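Notes follow once the structure below has been shown.
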Amino acid sequence: MAIIKAVRGTRDLLPRDTTLWNHVEATARSVFARYGFGEIRTPLFEATELFARSVGEETDIVSKEMYTWEDRGRAESDRGQSLTLRPENTAGVVRAYIEHGMAESGMLEKLFYIGPQFRRERPQRGRYRQFWQIGAEVLGPPWSGSDSALRDAEVLEMLATLLDELGVKGWRLALNSVGSAEDRQRYSAALREALAPVKHLMCEDNQRRAETNPLRVLDSKDPNDQKVIDDLPKIADFLDEDSRTHFEQVKAALEACGVPYTVDPRLVRGLDYYTRTTFEFTVPDGSGLGTQNALLGGGRYDGLSEMLGGPRAPGIGFAIGEDRLILTLQAQAEEREQKKLDAFIAPMGVAQNPGALKLAQDLRRGGLTVEVGDGNFRLKKSFEAADKLARRMVIFGEDEASSGVLTVKDFAKGEQTKVPQAELVAALKLQSQEGSDQPPKRSNLDLLIEAGVISSDYSTEQDSKVLEKLSSTEVESLIRIHNTLKTEKNFSDRRLGLEINL
Ligand code: HAM
């Protein structure tokens with residue numbers, strides 16, 4: 001009999017996966033709590049019209065990617081209704097905001113959600129038909145300060161904090177302003193005009209969009225359309241004074257908080273509800289996402305509540321692709337693992353093994369990550385092993401043992417230096433710092449891995465316990481306890497477990 005498999009574009013998450021997922025979610029919850037966010041859970045399906053009205057009929061999401069069906073209800077008398085599995089959650093959150101009269105408090109609402117979304121996209125690495133988002137929305141009546149640029153910067157700064165705490169390396173924030181609804185109208189008119197003589201050069205969808213919703217032409221991924229798109233007018237030239245000032249204020253607040261960004265004038269995002277600030281965070285190539293390098297996206301939606309029949313309630317929010325975040329963390333951990341060792345000690349002859357082991361002990365106690373070869377290895381084998389595992393090889397032969405001066409080969413620099421044994425720890429540490437442009441920012445995960453509390457692929461039972469149990473703020477005290485205990489003679493994993501109540 002044929003085996004039934006998970007549907008294309010969907011995945012099972014097994015215990016070996018969920019450890020990291022739970023850690024990511026726990027860290028997000030802990031960060032969101034520090035910024036005053038509370039959790040909201042909305043249904044997985046909604047009336048189709050909700051997405052048509054908010055995300056927009058002409059977007060790829062609504063026009064091609066939704067799982068929609070006609071729901072007839074149980075009783076004959078039930079009216080049929082078109083329902084859709086949610087492709088995103090901002091519309092659902094704003095619907096709930098309106099439905100529960102949340103505007104009446106007059107306060108700013110800060111809401112976050114974690115859950116699955118559904119889009120019928122072509123599956124590939126980092127792109128699934130059921131995927132998870134970790135998102136947040138800040139909205140409220142204008143007098144709650146919901147349209148202030150400070151909120152935009154706060155949300156972006158919170159994201160930077162979350163990604164840093166999770167240990168995501170090399171993220172980049174791209175920022176733009178798509179202006180007010182009026183700015184967009186003027187821009188759409190200009191685009192329509194500019195597209196009229198050239199639209200026949202583009203794909204069929206874009207020929208239609210050039211008339212119905214020209215802004216969506218800019219989302220096109222068709223390489224043939226890019227030439228036309230490159231020559232179109234830019235939104236920045238259509239921003240009114242207020243939108244321009246708002247954008248300047250967002251940028252100034254980000255600079256005050258030290259959050260790096262680049263302005264990308266083409267970033268209009270593929271959903272219709274955006275106004276003013278739009279943004280995306282990406283990760284560098286080689287971070288496990290292939291072409292799907294957008295880790296998260298978001299922006300301001302000052303008119304969305306009114307589009308859904310609610311009161312005026314400007315807002316801003318984002319959604320992180322959790323699947324992509326996990327892929328990134330795994331790929332970057334692997335990379336870190338590959339480059340992890342500070343040194344490989346190569347004893348030249350079996351007689352040097354004890355001395356080499358003693359040297360490794362000194363270096364490890366000095367805080368360095370070290371592997372020792374074996375005096376039985378031929379020099380070529382030592383070189384190969386060292387090159388694979390470590391950034392440097394320390395040669396420990398008879399001469400070195402008697403003179404106390406060691407030969408250190410740095411693979412990246414292609415240099416060989418002589419270093420007195422007593423200075424080796426300091427020299428290797430210094431070289432490690434010189435090797436990077438800036439002191440590496442160590443995440444809590446890095447610290448836990450370095451302290452030996454969890455393994456680098458988060459795969460053991462102890463890892464699950466630690467990651468599930470601890471919020472990120474507790475991690476530092478755990479490392480302190482661990483390091484103190486480690487120096488005691490009767491240190492054991494069990495004692496560590498007792499100490500942190502695992
Ligand atoms: P979005 O850009 O459509 O925005 O999606 C946000 C993130 O979800 C993307 O950056 C990506 O990481 C992830 N994502 C999207 N589609 C897929 C997929 N098929 N497979 C895996 N991951 C995916 C929104 O959804 C807006 N609601 C964000 C927002 C909130 N704007 C304001 N508030």
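Since this is a predicted model, take the numbers as computed values, not measurements. Just follow the structure's listing: the first ligand is 1, and inside any ligand the first atom is 1.
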query: Would you say G135 touches ligand 1, if touching means a heavy atom closer than 4.0 Å?
result: no
Ring geometry between F32 and F37 (parallel below 30°, tilted from 30 to 60°, perpendicular above 60°): tilted
field: Within reach of ligand 1, part of L295 (heavy-atom separation under 4.0 Å)
entry: backbone
message: Contact between ligand 1 and Y274 is defined here as a heavy atom of the residue under 4.0 Å from a ligand atom; is it met?
response: yes
field: Closest protein heavy atom to atom 4 (O) of ligand 1, given as residue, atom name and distance to 0.1 Å
entry: R269 NH2, 3.0 Å
field: Option passing side chain to side chain contact (heavy atoms under 4.5 Å, CB included) with F281 (candidates L156, I320, L325, V168)
entry: L156
message: Looking only at side-chain N and O atoms, does E121 offer a donor or acceptor that is under 3.5 Å from a partner on Y128?
response: no
Residue part near ligand 1, for R119, under 4.0 Å between non-hydrogen atoms: side chain
message: Under a 3.5 Å cutoff, is there a donor and acceptor pairing between the side chains of N176 and T278?
response: no
- prompt: Taking everything shown except Y67 itself, do over 12 heavy atoms lie less than 6.0 Å from its OH?
  reply: yes
- prompt: Would T161 and Y35 count as having a side-chain donor-acceptor pair, cut-off 3.5 Å?
  reply: yes
- line: Ranked by distance from atom 13 (C) of ligand 1, the top protein heavy atom is G321 CA, 3.5 Å
CA sep, side-chain torsions, deciding dist, call: R312, D302, salt bridge (charged side-chain N to carboxylate O under 4.0 Å, His left out): CA-CA 8 Å; R312 192 157 144 57; D302 290 347; over 6 Å; no
field: Between F45 and W69, ring centroids under 6.0 Å
entry: yes
query: What protein heavy atom sits nearest atom 20 (N) of ligand 1, and how far away is it?
result: Y128 N, 3.0 Å
- prompt: Counting only heavy atoms, which portion of Q133 has something under 4.0 Å from ligand 1: side chain, backbone, both, or neither?
  reply: side chain
task: Decide whether the shortest distance between a heavy atom of G126 and an atom of ligand 1 is less than 4.0 Å.
output: yes
field: Closest protein heavy atom to atom 11 (C) of ligand 1, given as residue, atom name and distance to 0.1 Å
entry: R324 NH1, 3.4 Å
statement: So the atoms of ligand 1 within less than 4.0 Å of a heavy atom of E121 turn out to be 16 (N), 17 (C), 18 (C), 19 (N)
- prompt: Of the protein's non-hydrogen atoms, which lies at the shortest distance from atom 27 (N) of ligand 1, and what is that distance?
  reply: E88 OE1, 2.6 Å
- prompt: What atoms of ligand 1 come closer than 4.0 angstrom to any heavy atom of G299?
  reply: 31 (N), 32 (C)
task: Please indicate whether any nitrogen or oxygen in G298 is less than 3.5 Å from any nitrogen or oxygen in ligand 1.
output: no
query: What residue and heavy atom of the protein are closest to atom 26 (C) of ligand 1, and at what distance?
result: Y273 OH, 3.4 Å
- prompt: Backbone or side chain, does any N or O of E137 fall under 3.5 Å from an N or O of ligand 1?
  reply: yes
- prompt: Ignoring hydrogens and geometry, is there a side-chain-to-backbone donor-acceptor pair from R95 to T90 under 3.5 Å?
  reply: no
Polar contact flag for A294 and ligand 1 (N/O pairs, less than 3.5 Å): yes
query: Looking at ligand 1, does L296 have a heavy atom less than 4.0 Å from it?
result: yes
query: Hey, are R184 and S180 close enough side-chain-wise for a donor-acceptor pair under 3.5 Å?
result: no
statement: Only residue of T275, D240, T277, L239 satisfying side chain to side chain contact (heavy atoms under 4.5 Å, CB included) with H246 is T277
- request: Just need the protein heavy atom nearest to atom 30 (C) of ligand 1, so name the residue and atom and give the distance.
  value: T90 OG1, 2.9 Å
field: Partner of D60 by salt bridge (charged side-chain N to carboxylate O under 4.0 Å, His left out), out of R209, R119, R216
entry: R209
query: Looking at atom 14 (N) of ligand 1, what's its closest protein heavy atom, distance included?
result: F131 CE1, 3.6 Å
